[in-house]
Amino acid sequence: GDGDLTAAAAAYARAVTLGPDDAAARNNLAQALSDAGCRAEARRQLERAVALAAGTALATAVEASRAKLEEGNPLAGGGRCMLPDRDWPD
């Protein structure tokens, strides 16, 4: 449910705060945000993850996440972010 997405996003945000150059953590945060309908923030986190993952074994997985986000899930969040407002990691 929404509580699971909120908890997942918060945990991934904490991981990104602790390791801002961790492409996997940013990718996971972006996936949680996308699942919650927070597409703009998901896109921002994924762009950072793509840059961090370039030339690494994670590059393919991060690009797949970006492609999935761009395909979009029109049901995710009903077009709106279902998570509480917060400052996401830069």
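Heavy-atom minimum distance, Ser34 versus Ala42: N-CB, 3.7 Å. Leu52 approaches Ala23 most closely through the heavy-atom pair CB-CB, 3.8 Å. Across every non-hydrogen atom of Ala53 and Ala59, the tightest pair is O-CB, 3.5 Å. For the pair Arg26 and Ala49, the tightest heavy-atom approach, listed with the atom from each and the gap, is CB-CB, 3.8 Å. Here the closest heavy-atom approach between residue Ala9 and residue Leu29 is recorded as O-CD1, 3.5 Å.
Counting heavy atoms from C-beta outward, Glu70 and Arg43 have side chains that approach closer than 4.5 Å.
Results of the side chain to side chain contact (heavy atoms under 4.5 Å, CB included) test with Ser65 over Leu46, Val50, Leu58 single out Leu46 as the only residue that passes. With Trp88 as the partner, the side chain to side chain contact (heavy atoms under 4.5 Å, CB included) test is satisfied by one option alone out of Val16, Leu83, Thr17: Leu83.
Other residues, nucleotides and ligands place no more than 12 heavy atoms under 6.0 Å from the CZ atom of Arg14.
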ask   = Passes side-chain contact (heavy atoms from CB on, under 4.5 Å), Glu63 versus Arg66? Steps please.
value = CA-CA 5 Å; Glu63 285 293 342; Arg66 181 163 59 175; 2.9 Å; yes

request  = Take Arg44 and Asp90 through the test side-chain contact (heavy atoms from CB on, under 4.5 Å) and record every step on the way to the result.
outcome  = CA-CA 9 Å; Arg44 192 174 77 83; Asp90 288 325; 3.3 Å; yes

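Here the side chain of Gln45 pairs a donor or acceptor atom with the backbone of Pro89 at under 3.5 angstrom.
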